[in-house]
Novice: 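Okay, handing you the structure first.
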Amino acid sequence: MNDLMMNISYFGMSFLDPYLMFLTAAGVFFGIYVGAIPGLSVTMAVSILISFTFKWGVNEALALIAGIYYGGVYGGSRSAILINVPGAPAAIASGLDGYPLAKMGEAGQAIGLTTIMGVFGGLIGVLCLAVGAPMLSDLALLFAPRDYMMLAIWGLLLVGSLSGGMMAKGVFAGALGILFGMVGLDPLTAEPRFTFGSVHLTAGAPYVAAMIGLFGVSEVLVQLHELHFPTIKQNVSKLFPSWSLIKKHLPLASRCSVLGVIVGALPGAGGDIAALMAYDHAKRTVKNPERPFGEGAWEGIVAPESAAVGSVGGCYIPMLTLGIPGDAVTAVIIGALYIHGLKPGPMMLLETPHLFWFTVGNLILACIWLAVFGFMGIKLFAKIVEIPKSALLPMIVVLSAVGSYAIENNPVHIYWMLGFGVVGYFLKMYGYQVGPVILGIILGPLLDSNYRRAMISVSNDPVEFVAEFFTSPVSAVLLGLLVLTILSQTRYWARIAGLFKRAGAEAAS
Amino acid sequence: MISKKLLGAAALSLFATVASAAYPERDITGTIMWGAGGAMDVVSRAIQPHAEAVLGKKIVMVNKPGGTGAISTNFIVNAPADGYNILFGAENPQLHKVLGLAEFDYDKFFPVNIFARSVGVIVVKADAPWKTVTELIEDAKKRPGKVKMAMTGPGGLPHTVASMMGAVTKFNTVPVPFDGEGPAVTAVMGGHADFAPVGVGAATESIKAGRVRALAVVNTEPVASLPGVPAITKEYPDFAKYLPWGPFYGVFVRKDTPDDIKATLVAAFKKATDNPQFQQLMADRGNIIMNISGAEAEAFLKKWQSTTSWLLQDVGAAKISPEKFGIPKP
């Protein structure tokens with residue numbers, strides 16, 4: 001009983017202390033802007049804060065960081081929707097349907113809906129953290145290299161959804177992305193691949209620079225053809241989506257939030273992969289969207305946004321329970337915890353028991369602030385799209401260059417970004433989608449290193465390799481889901497489903 | 001390139017006479033060799049406030065990762081040697097020559113301070129059958145190709161310790177490379193590998209929690225953060241020729257920086273490293289404090305390079321023989 005009272009008091013700490021409340025709010029507010037500007041990342045903001053908050057108490061530092069984390073993950077979708085330049089990798093999927101919505105003048109309502117669904121996903125994420133942290137972290141440990149490989153394959157199936165109806169071109173673009181993803185030091189042997197002897201290429205294609213180039217600069221180049229088009233007036237009279245619209249999409253948002261939590265809890269996979277998988281999930285399961293996917297489907301922004309913000313709670317799970325980062329941001333938070341005298345690891349929650357419930361309470365507070373600040377300033381943001389193109393387009397290019405440089409303070413990334421911009425322009429002009437390219441850059445290396453890791457683990461014995469898919473429960477379940485996903489897209493699916501239906505009917509009679 | 005160097009030289013001669021008057025008179029830029037959240041990043045940002053307190057000026061920290069450290073060393077070597085560009089670096093540049101990543105290493109730098117070094121530890125899953133390193137290695141010899149070792153790419157601690165183990169014990173395991181020491185420990189916890197040689201810092205908390213078990217520390221004597229874990233030299237005395245060995249964290253400036261600036265920085269970082277808060281952080285991460293500078297640090301760097309380069313050469317991971325660079329055999 002005493003424990004319960006203690007936990008409740010830890011939980012309420014950030015709600016009762018006005019200073020903590022203020023820091024969380026400030027974090028969310030700045031986070032939204034950090035997230036919305038391409039190239040300024042949450043990872044960067046948090047690592048700068050480490051030295052900044054050095055003399056503070058650990059609770060204050062964590063409150064500010066949690067705010068920035070939520071704000072940043074959410075903010076990324078703003079620029080994706082408004083100018084088709086995702087502010088953060090987790091927002092790539094949000095732009096696929098968000099930008100077409102902005103083109104129809106519905107950016108205001110699109111941002112409103114992402115806010116609601118982001119907050120909803122965030123709360124589900126914290127709920128999973130609160131009730132299932134130990135269980136989920138044990139589950140995450142069971143994921144073997146071959147399971148990460150299957151996740152990557154699953155993600156790559158998304159090429160089908162992103163190819164804009166032209167499968168061959170989509171596959172080509174995806175393969176091109178995987179090829180770009182292979183540049184740099186081999187993750188297993190550190191052997192240079194496609195580096196042509198240049199030390200600048202050893203780090204590989206930076207995928208944030210690729211994202212900014214492929215989406216930002218290439219979009220600018222394409223829009224140069226449309227300079228004479230009038231700008232679209234944005235309808236900002238109704239920001240808060242109707243209740244029926246929210247209610248209709250809650251089941252999808254719930255599923256995607258849980259998906260986000262699980263992917264977030266896996267070390268080495270974060271919000272970006274979660275959001276892409278959620279988009280794919282929506283596209284496969286929603287049969288009759290009001291508008292087709294890629295042309296402004298509400299489902300196309302609900303799914304990735306709830307998964308991305310939901311993944312934050314998931315990323316905290318291995319960090320708090322095992323001291324293992326769930327993504328790049330939690331890796332920096334772990335560093336901050338060390339500097340504040342804590343020892344991240346499986347013992348941390350025993351040695352500093354307040355930390356868990358304090359974090360849960362604080363994350364909920366951050367979600368609440370997200371709802372507040374998410375609706376503020378939408379009108380102003382939406383006006384960005386109404387700026388004349390002759391002024392807006394150069395600004396995007398400048399911002400893209402600054403953002404690319406800021407990733408690692410490395411001018412080489414600007415060249416990468418510009419290169420991807422030009423490549424993206426020609427791809428778009430010839431009817432190829434750029435989405436699969438970025439998908440390949442993100443997932444190619446994941447697939448490459450984990451396939452080889454799995455194969456090395458069994459001493460390159462293909463029989464044992466295959467056998468392990470059936471002996472490990474996690475692998476068996478993932479394989480089953482993967483096969484079902486693929487089968488459900490083929491014409492055999494109807495026949496199989498029919499067989500099952502008939503068998504069911506016979507059994508009933 | 002040439003004009004850049006000339007410019008640098010011109011700036012250098014200018015600064016050598018002017019800037020040293022009251023160093024530091026403006027903020028210093030600290031370049032961190034690795035990205036945000038890594039061990040080097042944490043150590044650098046932890047010592048920064050203490051060094052600022054002594055120097056009386058801000059150190060603006062910038063991460064410049066890439067090329068396993070070559071991007072940052074290139075940057076500092078081409079920046080003026082005026083003490084306003086300092087490098088927070090780890091052990092990696094000492095291998096740049098043999099790995100073909102750069103034509104220079106820390107020989108172009110002056111070690112202002114080497115704060116601390118890490119120590120290797122060999123961990124197995126908590127319920128694994130082996131109680132000692134000898135048992136593990138004997139078992140691996142009996143079942144060739146069955147015992148899996150989680151490690152990382154060439155040059156990292158796991159790879160180097162694994163090379164030492166291979167050279168000393170002639171064992172036969174399946175080395176599975178993971179993305180870092182953390183993922184290697186995670187793989188052992190999840191049962192995807194049987195054992196892992198990793199840094200003490202990456203495993204201490206998991207050892208304390210009973211998730212993994214430590215068989216031995218790769219050192220000539222036990223370490224304070226892991227009481228009761230024997231030194232590997234107790235079972236395999238031959239390891240002693242490679243030890244003490246471990247990744248290290250330090251701060252460097254260009255070698256041709258004026259002596260009085262070097263002295264100011266050395267004094268400041270010596271004091272910062274002595275700070276109890278920083279010492280506690282290093283202890284928590286299982287690092288051994290070194291706090292050495294100048295000639296002492298240079299000797300340590302040389303020995304480290306010779307041990308590691310030749311180990312890499314012996315296991316075939318070196319691109320260019322250390323002999324070519326005149327790196328002596330250990």
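Order of the sequence lines sets the chain letters (A, B, ...), proteins ahead of strands, with each chain counted from 1.
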Novice: At a heavy-atom separation under 4.5 Å, does A/Asn450 approach chain B through its side chain, its backbone, both, or neither?
Specialist: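 Nothing of A/Asn450, per the 4.5 Å heavy-atom cut-off to chain B.
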Novice: If you count heavy atoms of other groups shown closer than 6.0 angstrom to NZ of B/Lys141, is the number above 12?
Specialist: yes
Novice: Any chance you could lay out the side-chain contact (heavy atoms from CB on, under 4.5 Å) test for A/Arg453 and B/His192, step after step, and finish with the verdict?
Specialist: CA-CA 10 Å; A/Arg453 219 169 265 151; B/His192 311 302; over 6 Å; no
Novice: With chain B as the partner, which of A/Val412, A/Asn410, A/Ile334, A/Leu322 has the greatest number of non-hydrogen pairs under 4.5 Å?
Specialist: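 The residue among A/Val412, A/Asn410, A/Ile334, A/Leu322 with the greatest pair count is A/Leu322.
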Novice: Near B/Lys108 NZ, under 6.0 Å, is it more than 12 heavy atoms from other residues, nucleotides or ligands?
Specialist: no
Novice: Which one wins on heavy-atom pair count under 4.5 Å against chain B: A/Ile333, A/Ile456, A/Ile339?
Specialist: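 The answer is A/Ile339.
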Novice: Which answer fits A/Pro325, side chain, backbone, both or neither, if we ask what part of it has an atom under 4.5 Å from a heavy atom of chain B?
Specialist: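 Neither part.
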Novice: Quick one: pull up NZ in B/Lys208 and CE in A/Met348 and give me the separation to the nearest 0.5 Å.
Specialist: 13.0 Å
Novice: Pick one of side chain, backbone, both or neither for B/Val176, based on which atoms fall under 4.5 Å of a heavy atom in chain A.
Specialist: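 B/Val176 touches chain A through backbone and side-chain heavy atoms alike.
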Novice: Quick check on B/Pro183 against chain A: is it the side chain, the backbone, both or neither that has a heavy atom closer than 4.5 Å?
Specialist: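 For B/Pro183, neither part sits under 4.5 Å from chain A.
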Novice: Relative to chain A, which segment of B/Phe178 carries a heavy atom at a distance below 4.5 Å: side chain, backbone, both, or neither?
Specialist: both
Novice: Between B/His96 and chain A, which part of the residue has a heavy atom less than 4.5 Å away: side chain, backbone, both or neither?
Specialist: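 Neither part; nothing is under 4.5 Å.
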Novice: Pick one of side chain, backbone, both or neither for B/Lys148, based on which atoms fall under 4.5 Å of a heavy atom in chain A.
Specialist: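 The answer is the side chain of B/Lys148.
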Novice: For residues B/Leu281 and A/Tyr338, report the shortest heavy-atom separation together with the two atoms involved.
Specialist: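 Nearest pair, atom of B/Leu281 first, then A/Tyr338: CD1-O, 3.1 Å.
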Novice: Out of A/Leu142, A/Thr43, A/Leu185, return the one with the most heavy atom pairs under 4.5 angstrom to chain B.
Specialist: A/Leu142
Novice: Where on A/Leu188 is there a heavy atom nearer than 4.5 Å to chain B: the side chain, the backbone, both, or neither?
Specialist: both
Novice: Of all heavy-atom pairs between B/Glu205 and A/Gly345, which one has the smallest distance, and what is that distance?
Specialist: CB-CA, 3.8 Å
Novice: Does a sphere of radius 6.0 Å around OH in A/Tyr148 hold more than 12 heavy atoms from other residues, nucleotides or ligands, not counting ones at 6.0 Å or beyond?
Specialist: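 Check passes, neighbour count above 12.
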Novice: How close do A/Ser459 and B/Gly145 get, counting heavy atoms only, and between which atoms?
Specialist: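 Looking at all heavy atoms of both residues, the closest pair is OG-O, 3.1 Å.
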Novice: Out of A/Ser457, A/Ala328, A/Pro187, which one racks up the most heavy-atom pairs below 4.5 Å with chain B?
Specialist: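 Top option by heavy-atom pairs under 4.5 Å: A/Ser457.
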Novice: So which residue, B/Gly190, B/Ala209, B/Ala39, ends up with the most heavy-atom pairs under 4.5 Å with chain A?
Specialist: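 Max contact count across the listed options: B/Ala209.
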Novice: For A/Phe469, does the CZ atom have more than 12 heavy-atom neighbours from other residues, nucleotides or ligands under 6.0 Å away?
Specialist: yes
Novice: B/Glu52 versus chain A, heavy atoms under 4.5 Å apart: side chain, backbone, both or neither?
Specialist: neither
Novice: Give, as side chain, backbone, both or neither, the part of A/Pro192 having an atom under 4.5 angstrom from any heavy atom of chain B.
Specialist: side chain
Novice: For salt bridge (Lys or Arg N to Asp or Glu O under 4.0 Å), just list the numbers for B/Arg211 and A/Asp138, CA-CA rounded to whole Å, side-chain angles, deciding distance to a tenth of an Å, and then say yes or no.
Specialist: CA-CA 11 Å; B/Arg211 289 256 179 185; A/Asp138 282 343; 3.2 Å; yes
Novice: B/Asp41, B/Asn63, B/Val174: which one forms the most heavy-atom pairs within less than 4.5 Å of chain A?
Specialist: B/Asn63
